[in-house]
Amino acid sequence: MPFSRLFRKFSQPSLARTGSADKGRNSEHSDDSPQPTTRRSWKKTASTANRSTSSSLMPTFPLTHSSKSPAPEVCVPEQPTPMPLPTIPDIFYTNLALVPHPEAMKTTSPVPDSLTEAWDVVKDGPKDSDVTRSFNAVDDAVATVKSNVAPFQPLITAAKGAVEQTDLGKAVKEGIDHFFEGMPIFMSALDAVADLHPFIGVIVVAFKTVYTLELKRRDNEKKIIALYVEMKDMMGVLLLLKDVHNDKLVAPDGRSIEDRLRSLINRTVDDIKLCSNVCDTYAKKKLLAKVFLGPVWDDKLLGYVTLFSKRRQEFEFELSIHTSQGVDKANFKLDNIGDTTSALDEKMNVMMAMFQQLVSPEQKSLAELVAAKGGAKALRNNDKMLLSLEQTASKAPSAPSSEGHRMNRSKPSDANTNADDLRKDIFEDPDAAADKNRTVFFRKFEVQKRQIIDELTLVVTRESDRVIQVVKGGPHERILDRSIHEIWKEMGWRGNVKARHFVLTFRDYYLEKLASETQGVRGVNITSIYNSQDPDAWAIKFIDVTRLQPILEAFDDDASGFITITEMNRFTSSRPADWSLPHWVAFWAVGYKASIIDYANKIEELLAKMEGIRAEVLPPNRKSIDEYFTYSWKFIHTLTAAVTPLLPEPGTSNLDRFRSYLEAEDARLSTNLKAVDYIIDGTDTLTLIMGVGRIEKTIFPLIYLLMKRHYEIMRAMRTKILDPRELGSGIGGFYTMEDAIRYRMDDLTNIFSHQKLDPEKQFKNFAYGIFKYIRNGNDLWSSSYVRTLDPPVIPYDDSNEDQDVRLGDILKHEYKDELALEDWVYDGHSIVDTPDYGDVEPPLKDILGYWHGYFYEGNGARETSGHFSMITFVIEPADGERKFKANAWSIGGRHTITGSWSNGENGATEIKFMTTFENVSWPAISFSGRFDAERDALTGIWGWGFSVDAEISSGLMEFRRIPPRYLTVYPSIKELSDNKSRALWGFAIAAVRNDVLRERWSWSYFLQRRKDRETVISLASRCFFLLGTPVNYEEAETFSAAAQRLTAADACFWISKISCSLAYTPLHLNNCDCCRGTIVGTRLVCLDCEQKDTEIFNPLDLCCAQECMAARVTHRQDLKVPHEPSHRLVKVRPAILKRQLGRVQTAALAAFERVKTLCAKIAESSQGLVEKGEGDATGLNKENPSTTEPTLKETPSEPDDGQPKDAPDDTTVEAEDDEGTFQGLGDESPQDGARSEDNDLPSCGKCEGRLSFPCWYCIYCEDNLFLCDACDREGVPELMRSSGKHTEDHHLIRCLEPVKEDDRLSSTEWRIISLEDRLNNMQSRFDDLSQDLTSRIGNIEQLLHKLSAAVTAGSSA
């Protein structure tokens, strides 16, 4: 068979299986008489059950039809019926290298004179310029529409109601609604044309690649489909090449059709890739971004509609010259170019109207909500409202789960979404977003293209495969494997068979075959299996009814209980080329189970090694590893915990028989992961990596390979300070896997429910129960399970690791050897120095150099709500026409500026630029204004995001060349407008005063700097990094005022001090359940608070603030009883992982048992002192109450008495305690330092003073180490004990005075007390309401009396 014919055979459309189609399988060839067959002993009663599934039961992830599934060759090809939107993507391949034999080409007559004349008319004459002008007119019209939508709004509004009534509107809508239905046939037609003209193969493959990628996306945006419809229409023009039988035929200018189309094809391939990248970026965007920037994204997408329409016209024009109707078509196009322009304008209007309708109901509802709350302008700077809208959007049923929002979160938890991160995503420039996504998408594109080409060129022929010729004998003729073909034929099965019947028949078939070989007689003898010389005899033992479930799952991808011919061919074609069919079935019967057990154990071993290496990494990298465990470990362990208790089948613990397949799969997955740079940004990428088939087949090896990569990154963290995104991208990959698993579980749940099966029970057995804990996490993550969890830890040993790993091979971002302060801002260069750019001409030359400025509100007052400081930047020329760039710094750290200038009205220089911060948590800020030459100022407006205009601006902005120390006291825009003379006079006085104080080294000047520094350092971590107790309104005002007094250099330097300090400060990824702030430095975990049986374990955490430790927590509805101040607490200073919490709590509870007797002795001793009148039973110093150590604060200020006690030092980092926290100067110990007179009475291990309650006890030091409260507040003491050194890794328990039995309250009594408190609160509220109601009724009565009196008086008159 010729290759072209064979290829077209394999490219026939494979229809998605539906209910009607399945019936057709059972009924097809019903008129054919069955061929006479010989009955065999293994033949059972033929299954006549119709398939009970429907189209709704089709799996949606991640199954795909194999390209090797053959379509039968028949004399009259069956016409496919219209298909619904396919859930299983079909991949079609194109022959890129096939060139028809010269003898097979039809001869073509010479070019007629009329064609030559037409060519002479168009090649260089006036008509050519007309065409160009017409296309330019199209571009200008589209540009006008894009730049000024307002004039077209009435047209759009009017078209909304009537667009579907027009022929063009109907055509567009029908093309979108039925896009997928005709694609298989369309692809086959492109294959045929590419077969004749290989030079178009590159564009056909590009189109197939982006189409296949779109099919793998679970949710298809209709706006994106509209672009693919236009792309398809453009590709349809290439079908005209079927009439060109000789592509080497040259035109009068000596160029062939191939030469003429090559450059156009190459440009179009780039257009297709760029368009698909924009679509991929748009699909990943949050729903809120599509609402706020909907018109901007629509404009971006509609631009490609115009582009592909233009490309289609170009293809039509070029092809018209070489087709048989070339003269007429060329002249027609030249004469009617104006009509074409009008048609394009009409189409653009219809598409713009259509785009207003192609939005999901959730997006419409969210847009209405945004409009009701004031619109985009009002909400742009409202952090609280943006977060509220995002929560609403995330609850939408169709909100993107994996293609978008999970990768766009700054933290993997929605609860930790930051307003700045949200604003950055929402208002990100579509061009910038597409550029950022380009590298990732192009990797996916190349992987998909390679897979298409590999499937075309790599043809695997298995020894047992048969060649399908014609379908005359029945459905069995469509079976590929010879053995299955014989079984299917003998059993008389039609389009499908019950899985149970097939497995038993398959086993009997091979048992009979083996028995016949060993004994020479017919009949089944089990013992003959062991005597057989057949190499597959070992495999037949594992194929029986006891292993029906895993074998069924291997064949039946959609879990319907039936095996179809398509599923059978897919299964047999997917086995390794050198494996027999029994070998392949045996793998799924027993080998798969052994493999997932092996992978689960290796994954748990990797986790143990990761915990071991965590102690070796540099402190600035510790947070990245903690986040990795916090957001990834639970998902991973939820899978492995379901598998590790399993035991492999007897005799299958050794995977040697299946090793070759497992190694090949590892190699394939590794290759695909490398191709996408280990970035799994959506389920489409996940499907691309995993390939066709069920996700449960490859989820464990994929997790293992990803974790191996992450472990190598952690190894690099021992010597280098890495970018947090190195491991952050891995966290996103695990979230994508979890999304995909839940999609699969949703599909299976629907199937089980349709079959009247209990999904809960089915998931306990399906795929050996690997999904059972994901479905119901309460079965695993109970309090009892987590508190007893004690996973192993493997200490790091570099000698056992790969020494050939290079940092450049595993790292994507820059790394540092050490952290450094931003002291370069004090480099000594004059801020008024401007480099000499001799070749730069005005007006660009006028704006080069240093600029300093502030953000202002709309009325011109200094902007304080965003905690901004002064910003400084240095403008330099940039590549590109009228472009410039700048390095900038402020309280946001370093940032870069890119901008452009243009000539405005009255000769003014218009300026636009955007600043982006190195700290990714800061969103981009844009400026739009002009250069005021008279005032030497840049004035304009600013806003969040990629662009700003008067409608959406956040306020005013002004930059001057005034030295920063003077600009700090320069009047605001509002002050200048209110009273310019007074404002400038005040500025002059303040500037001179500051200079005098500064030059005289006045204490008041440096005292103010010190106060500002303390304020910024103590509050910035809470304002910017959201650590510790949230700031209140007064604190926010104080911080903003201090930030306004800083120069940009001071602000940048001091914020770098905080960043460096935080890098060495323990950061717990937990919030205090009392004050709700992020816990920094010290974390307290309650051992007595237990979750309800229906809740997942979530410990109660507190920070070290006294009010939080003494608080009663009642808002946690998941707890059995409220948290009481008397509950047992364990104090941890370094961050602990959730997988470590079980061993910590176990050790803490054991310590509480050990310390009971000692605490009783301390209580007795304290009571004796009280009776003698020598002490306080509580041991608390009334003047210095117990407050645990602070977290982040600056040294307290000196009293402003005008007399300095110490010389100020503005650039020295304050001393830190052992916990990495800033300490005060006071805090002296309340203890007297005396030794205990009773040798049996424990004392403080540091000061050796008498203990009183509360005190602290180390849970790891075996020699009973106590610390008094005052010594513990000073930090971790360096103590050498008989049991070893006491370190910060040694956790402490809080010891309170033992409660006497008579005073002890039961849990029931606590509940009664809690209930009484609630009733009292309710009674107080009712009393208030009653008083208010009484007062109002009294007012009403008075009004009635007055009204009655007025009416009476009127009647008397």
Side-chain angles (χ1 to χ4, degrees), residues 825 829-835 837 842-864 866 868-876 884-892 895 897 899 901 904 908-915 925-943 948 953-995 998 1040-1041 1043-1052:
V825 295
H829 293 295
S830 172
I831 59 173
V832 297
D833 288 345
T834 302
Y837 298 104
L844 176 59
K845 190 173 184 178
D846 297 334
I847 64 174
L848 298 180
Y850 283 80
W851 293 93
H852 319 277
Y854 284 99
F855 297 89
Y856 297 90
E857 296 177 357
N859 61 359
R862 289 272 185 92
E863 161 61 46
T864 58
F868 293 113
S869 72
M870 180 190 300
I871 179 174
T872 295
F873 56 88
V874 189
I875 296 181
E876 300 176 352
F884 63 83
K885 61 182 179 179
N887 293 318
W889 55 91
S890 67
I891 202 169
H895 35 114
I897 287 177
W901 63 273
T909 303
E910 303 291 340
I911 303 293
K912 290 186 178 181
F913 64 74
M914 180 178 66
T915 176
I925 298 175
S926 295
F927 170 85
S928 177
R930 64 186 184 89
F931 171 59
D932 188 342
E934 182 178 351
R935 298 178 60 236
D936 196 20
L938 299 178
T939 62
I941 57 177
W942 70 278
V948 61
S953 68
S954 300
L956 306 178
M957 205 170 189
E958 182 174 82
F959 300 96
R960 305 294 299 272
R961 286 197 170 104
I962 300 174
R965 70 176 186 273
Y966 297 142
L967 191 62
T968 57
V969 294
Y970 193 79
S972 66
I973 297 175
K974 184 178 186 303
E975 292 170 336
L976 288 174
S977 62
D978 290 345
N979 192 329
K980 183 175 182 181
S981 300
R982 183 182 182 89
L984 291 178
W985 180 247
F987 161 65
I989 294 174
V992 172
R993 181 177 180 275
N994 279 356
D995 276 351
R998 181 172 177 268
S1040 296
Q1044 293 291 311
R1045 290 191 292 266
L1046 302 181
T1047 65
D1050 287 340
C1052 183

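FYI, the numbering just counts along the sequence from 1.
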Exercise. Working to the nearest 0.5 Å, report the span between CD1 of Ile897 and CD of Glu876.
Key: 11.5 Å
Exercise. Would you name the heavy atoms of His895 and Ser890 that are closest together and state the gap between them?
Key: NE2-OG, 3.1 Å
Quiz prompt | Polar side-chain atom of Glu863 near backbone of Gly858 as donor-acceptor pair, under 3.5 Å | solution = no
Exercise. Please report the C-alpha distance between Arg993 and Val969 in whole Å, then the side-chain angles of each, then the deciding distance to 0.1 Å, and finally whether the side-chain contact (heavy atoms from CB on, under 4.5 Å) criterion is met.
Key: CA-CA 11 Å; Arg993 181 177 180 275; Val969 294; over 6 Å; no
Quiz prompt | Side-chain touch Asp936/Phe959, heavy atoms, less than 4.5 angstrom | solution = no
Quiz prompt | Geometric cation-pi criterion Arg960 and Trp851, 6.0 Å radius, 45° cone | solution = no
Quiz item: Does the side chain of Glu958 come within less than 4.5 Å of Thr939's, by heavy atoms?
Solution: yes
Quiz prompt | Taking every non-hydrogen atom, the tightest pair across Gly860 and Ser972 | solution = O-CB, 3.5 Å
Quiz item: In Å, rounded to the nearest 0.5 Å, how long is the span from OG1 of Thr915 to CZ of Phe927?
Solution: 12.0 Å
Quiz item: Got a second to check how far Asn859's CG is from Leu956's CG, nearest 0.5 Å?
Solution: 8.0 Å
Quiz item: Nearest 0.5 Å, what's the CD1-CD1 distance between Ile911 and Ile875?
Solution: 6.5 Å
Self-check item: Between Asp995 and Tyr966, a side-chain donor and acceptor under 3.5 Å
Solution: yes
Exercise. Return the minimal non-hydrogen interatomic distance between Ile847 and Arg961, and the atom names on each side.
Key: C-NH2, 3.5 Å
Self-check item: Interatomic spacing from CD1 in Ile941 to OH in Tyr856 - rounded to 0.5 Å
Solution: 16.0 Å
Quiz item: Is Arg982 atom CZ crowded by more than 12 heavy atoms from other residues, nucleotides or ligands, each under 6.0 Å away?
Solution: no
Practice problem: Nearest 0.5 Å please: distance from the CG atom of Asp932 over to the OG1 atom of Thr909. | Solution: 10.5 Å
Quiz item: Would Phe931 and Leu844 satisfy side-chain contact (heavy atoms from CB on, under 4.5 Å), going step by step from the backbone distance to the final call?
Solution: CA-CA 10 Å; Phe931 171 59; Leu844 176 59; over 6 Å; no
Exercise. Could you tell me whether the side chain of Tyr854 and the main chain of Gln1044 form a donor-acceptor pair under 3.5 Å?
Key: yes
Quiz item: What are the two closest non-hydrogen atoms of Ala888 and Phe873, and how far apart are they?
Solution: CB-CB, 3.5 Å
Quiz item: Considering residues at least two apart in sequence or located in another chain, which fulfil the ring pair (Phe, Tyr, Trp, His ring centres under 6.0 Å) criterion with Phe855?
Solution: Phe868, Trp942
Quiz item: With side chains defined as the heavy atoms from C-beta onward, is the minimum distance between Glu910 and Trp901 less than 4.5 Å?
Solution: no
Quiz prompt | Residue pair Asn887 / Trp889: nearest heavy atoms and the distance that separates them | solution = O-CZ3, 3.9 Å
Quiz prompt | Heavy-atom pair of closest approach, residues His852 and Thr872 | solution = ND1-OG1, 2.9 Å
Exercise. Verify, without hydrogens or angle tests, whether Ser869 (side chain) and Leu1046 (backbone) share a donor-acceptor contact under 3.5 angstrom.
Key: no
Quiz item: So do Met870 and Leu967 actually touch side chain to side chain, heavy atoms under 4.5 Å?
Solution: yes
